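Just so it is clear, the structure is predicted and the values come from calculations on it, not from any experiment. Positions are given from 1, in the same order as the sequence printed here. In each ligand, atom 1 is the first atom listed, and ligand 1 is the first ligand listed.
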Amino acid sequence: MNNKMELTFKVIIVGPSAVGKTSLLNRFVHNQFALKYKLTIGVDFLTKTVEYQPSKSVKLHIWDIGGQERFKFLHRSFYEGASGALIAFDLSRQHTFSSMKNWLSEMRSIMTNEIPKVIIGNKTDLIPEIGQIIDRSAVEQYAKNEDCFYVETSAKTGENVEKAFLELTQRIVKKVG
Ligand code: G3D
Ligand code: MG
């Protein structure tokens with residue numbers, strides 16, 4: 001029997017459409033990558049317990065938003081109460097990097113408090129095929145300026161997906177002390 005009280009944190013994942021937000025959540029929570037997904041409509045959330053250090057764990061409620069402009073009206077309540085954020089873009093599409101920056105500045109304008117943030121460059125599995133499209137040092141510099149951790153992932157192979165969530169969780173736990 002486990003009588004331990006487990007802390008729960010709300011975490012959000014944002015970013016432009018089709019960068020792999022829903023796929024990252026499915027990889028992390030269900031360890032699956034399906035090739036066909038429903039478009040995320042409105043808001044969805046998943047729960048997962050994360051062991052952030054040996055025998056210490058917290059529960060994450062991870063909220064997924066549709067990247068579509070028509071869901072803008074949801075944003076305020078979506079951000080409300082979040083303890084951490086993942087901001088994703090697609091390493092195979094250059095414009096998603098600048099679009100991701102807009103998501104981050106929108107988040108900063110809506111949220112009054114500073115929360116731990118991890119920037120995710122997703123779809124590393126495509127790089128051998130298409131080459132390096134986005135200048136990594138530019139992303140790293142941007143992440144540093146914005147006080148964010150940067151990680152490159154693949155929801156398809158699972159590369160670094162755990163790491164992205166673990167890093168965020170450790171930062172959240174450290175912040176609440
Ligand atoms: P979103 O939730 O950010 O809108 P989705 O993005 O998770 O719906 O993913 C959008 C498309 O990108 C999907 O393809 C999905 O399979 C693909 N995708 C997501 N992550 C990866 C990845 O790491 N590598 C590769 N190669 N593809 C990925 P479809 O074809 O279903 O639209
Ligand atoms: Mg989605």
Would you call Glu80 and Lys10 a salt bridge, using N to O less than 4.0 angstrom? no

Test side-chain contact (heavy atoms from CB on, under 4.5 Å) applied to Arg93 - qualifying residues, sequence neighbours left out: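 side-chain contact (heavy atoms from CB on, under 4.5 Å) check on Arg93 returns Ala18, Val19, Asp90, His95, Thr96.
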
Please state which option from Glu129, Lys123, Glu159 has its nearest heavy atom closest to atom 27 (N) of ligand 1.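 Looking at heavy atoms only, the winner is Lys123.
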
Short side-chain donor-acceptor distance under 3.5 Å, Thr22 and Asp64: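 Side chains of Asp64 and Thr22: pair found under 3.5 Å.
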
Check whether Phe165 forms a cation-pi arrangement with Lys48 (NZ or CZ under 6.0 Å from the six-membered ring centre, at most 45° off the ring normal). no

Determine whether the side chain, the backbone, both or neither of Leu24 has a heavy atom under 4.0 Å from any heavy atom of ligand 1.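 Looking at Leu24 and ligand 1, no heavy atom falls under 4.0 Å.
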
Select one of side chain, backbone, both or neither to describe which atoms of Val19 lie under 4.0 Å from any atom of ligand 1, heavy atoms only. both

Which pairs with one or both residues in residues 158-167 pass side chain to side chain donor-acceptor pair (under 3.5 Å), sequence neighbours excluded? Thr124-Glu159, Glu167-Arg171

Which atoms of ligand 1 have any heavy atom of [X] under 4.0 Å away?
| X | result |
| --- | --- |
| Ala18 | 1 (P), 3 (O), 4 (O), 6 (O), 10 (C), 12 (O) |
| Leu126 | 26 (N) |
| Ser23 | 5 (P), 7 (O), 9 (O), 15 (C), 19 (C), 20 (N) |

Does ligand 1 come near enough to Lys21 that some N or O of the ligand is less than 3.5 Å from an N or O of the residue?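 Such a contact does occur with ligand 1.
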
Main-chain N/O of Glu114 paired to Lys175 side chain as donor or acceptor, under 3.5 Å: yes

Ser23 near the Mg ion (ligand 2): N/O/S under 2.8 Å: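 No - counting backbone and side chain alike, Ser23 has no N, O or S atom under 2.8 Å.
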
